[in-house]
Number of protein chains: 2
Amino acid sequence: MSKILPPVGSDCVSCSIRKTVLFAGLEISDCESIHHPIDDIALAPNEVLYRAGDTARAVFTIRSGLLKLVQYLPDGRQRIVRLLRATDVTGLEALLGQPYQHDAIVLQQSEICRIPLEVIQRLDQENHKLRKELMVRWQRALDEADAWLTQLATGSARARMARLLLRLVSGSEGNSCELFGREDMGSMLGITTETASRIIAEFKRSGALQEIPGSVSLKCDTATLNKIAAD
Amino acid sequence: MSKILPPVGSDCVSCSIRKTVLFAGLEISDCESIHHPIDDIALAPNEVLYRAGDTARAVFTIRSGLLKLVQYLPDGRQRIVRLLRATDVTGLEALLGQPYQHDAIVLQQSEICRIPLEVIQRLDQENHKLRKELMVRWQRALDEADAWLTQLATGSARARMARLLLRLVSGSEGNSCELFGREDMGSMLGITTETASRIIAEFKRSGALQEIPGSVSLKCDTATLNKIAAD
DNA sequence: CGTACTGTTGAAGTGCTTCAAGACACGTGG
DNA sequence: CCACGTGTCTTGAAGCACTTCAACAGTACG
């Protein structure tokens with residue numbers, strides 16, 4: 001179940017990542033005028049942040065962890081259209097009165113800020129910096145969506161997988177990354193779980209991926225992966 | 001070459017589609033305060049509206065016609081990430097000072113409004129309705145991008161092609177649509193031109209597509225296409 | 001200790017690509 | 001006006017990448 005940490009009210013003042021997230025540009029004084037509760041939510045893998053079709057009453061900022069945004073085809077098959085990581089914002093459709101467009105499901109233990117619609121609307125009126133920040137987030141989501149299509153839906157399965165891995169290690173230290181289920185990898189790349197499994201196994205054998213003893217993470221040989229990604 | 005129609009200044013007042021485009025919600029009095037020239041551009045197939053990397057000084061509204069947004073892979077292959085049709089807006093990255101993210105190239109004879117950055121910024125300060133309208137356009141582009149991935153990059157080539165055709169006829173009267181080059185179809189669906197050609201040919205033979213005598217358009221049997229799209 | 005779930009691997013089938021050739025429309029110059 | 005180039009669409013045949021179906025290993029959990 002979704003576990004809500006000790007209610008923090010407007011603890012945004014002491015938020016360690018405030019400068020990099022949606023409220024970048026806001027002054028401490030602005031934060032103090034937040035009276036609605038901003039919940040800090042901790043979610044474990046497979047837990048659901050929101051479902052497609054839910055009425056959207058809040059926008060979310062990812063503080064840490066990893067989530068997937070999932071859409072479904074008429075026949076019920078799923079397709080993962082984006083990943084969310086630290087500093088990403090999701091649920092912006094809330095600002096337009098639309099229901100959420102995806103299922104947002106946790107892949108790796110996550111910490112998420114839930115920002116009620118009222119807070120955004122109020123801050124938006126009082127402070128013009130938030131508006132710019134919102135546009136930036138919207139555009140970032142759009143750029144991500146386009147990159148996802150070009151990089152992860154084009155070329156051979158091996159190349160797409162290599163690009164996915166490079167994407168996962170980028171921004172993480174030591175070129176290591178924690179993989180997720182083969183089925184999820186499959187629906188990110190539009191391939192079957194078996195093919196995903198075979199490719200990962202092959203990468204391990206060839207040394208492009210290496211197990212780290214005593215860790216769930218894998219070390220990525222980015223040079224090799226880059227060659228494969230070029231296809 | 002890009003042909004600029006007789007300069008119209010702020011003829012937005014008499015624009016026939018004003019209510020459905022970016023300036024929906026603006027009053028005639030608002031339009032009168034537009035002093036920068038809003039060019040009305042006519043472009044023929046294969047002409048370029050803008051290129052990826054160009055400094056973005058304007059946002060565009062499509063009045064009629066059809067354009068493609070293209071991104072390129074490191075190896076030079078192209079991928080079409082979205083189509084633009086009447087009432088769509090593109091080039092929103094201009095508002096953030098980013099260069100354009102795609103090549104925007106005309107597929108079918110088009111008429112396009114070029115709205116200089118300064119006009120948007122000025123109207124945005126004077127009139128709050130524009131802000132909402134901008135957010136709506138941003139979200140619409142995002143929804144389009146996600147749908148493109150789920151529908152046109154998932155499943156068999158036949159199913160994807162059927163979904164593309166259904167997309168093209170939706171909104172056009174009489175279930176007819178004008179096709180474009182096989183190569184473009186290929187880079188929309190992530191398949192080769194030969195496969196695109198074979199599938200179209202097969203659709204014609206099976207009756208799912210039918211030539212209209214004396215026209216370049218084709219009639220689509222939506223019932224059949226829907227079955228194929230379900231795959 | 002059995003059940004359930006995920007990952008791995010094999011073997012057979014098929015759908016798409018690749019390479020190659022021919023058909024057709026278009027414009028250009030002799 | 002026809003011959004000729006160029007570009008796009010079509011079609012065939014061969015090869016290969018991915019899927020499908022199936023079996024089995026490993027781990028988690030009651």
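Just so we're on the same page: letters track the sequence lines, and every chain starts at 1.
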- [ ] Please state how far atom CE in A:M185 lies from atom P in D:dT19, giving the value in whole angstrom units.
- [x] 15 Å
TODO: To the nearest Å, give me how far apart CZ (B:F203) and P (D:dT10) are.
DONE: 13 Å
Tell me if a side-chain donor or acceptor on [X] pairs with a main-chain N or O of [Y] at a distance below 3.5 Å.
| X | Y | answer |
| --- | --- | --- |
| A:D184 | A:G181 | no |
| A:T61 | A:V89 | no |
| B:Q101 | B:P99 | yes |
| B:S64 | B:A86 | no |
| A:D103 | A:A52 | yes |
| B:R79 | A:A153 | yes |
| B:Q108 | B:P45 | no |
| A:S206 | A:F203 | yes |
| A:Q109 | A:L43 | yes |
| B:R163 | B:L152 | no |

Open item on the list: Quick check on contacts: within residues 149-164 of chain A, what sits under 4.0 Å from DNA chain D by heavy-atom distance?
Closed with: A:S156, A:A157
Task: 5' priority, DNA chain D, between A:A196 and B:E183 [closest heavy atom] - done: B:E183
TODO: Please check the phosphate of D:dT19 (OP1 and OP2 only) for any side-chain N or O of A:T192 closer than 4.0 Å.
DONE: yes
Side chains of [X] and [Y] in contact at under 4.5 Å (non-hydrogen atoms):
| X | Y | result |
| --- | --- | --- |
| A:T90 | A:L67 | no |
| A:D231 | B:D75 | no |
| A:R82 | B:L142 | yes |

Task: Contact boundaries on DNA chain C for chain B, cut-off under 4.0 Å to non-hydrogen atoms - done: C:dC16 to C:dC19
Can you check nucleotides 11-13 of chain D for protein contacts, nitrogen or oxygen pairs under 3.5 Å, and list what you find?
| residue | atom | partner | partner atom | Å |
| --- | --- | --- | --- | --- |
| D:dT11 | OP2 | B:R205 | NH1 | 3.2 |
| D:dG12 | N7 | B:R198 | NH1 | 3.0 |
| D:dG12 | O6 | B:R198 | NH2 | 3.1 |

Open item on the list: Among residues 73-81 of chain A, which ones have heavy-atom contacts with DNA chain C below 4.0 Å?
Closed with: none
Task: Strand contacts (DNA chain C) in residues 223-231 of chain A, 4.0 angstrom heavy-atom criterion - done: none
Task: Results of ring-ring contact (aromatic ring centres under 6.0 Å, His included) for A:Y50 - residues two or more places apart only - done: A:F60, A:Y100
Task: CA sep, side-chain torsions, deciding dist, call: B:L49, B:L84, side-chain contact (heavy atoms from CB on, under 4.5 Å) - done: CA-CA 12 Å; B:L49 182 60; B:L84 303 173; 5.8 Å; no
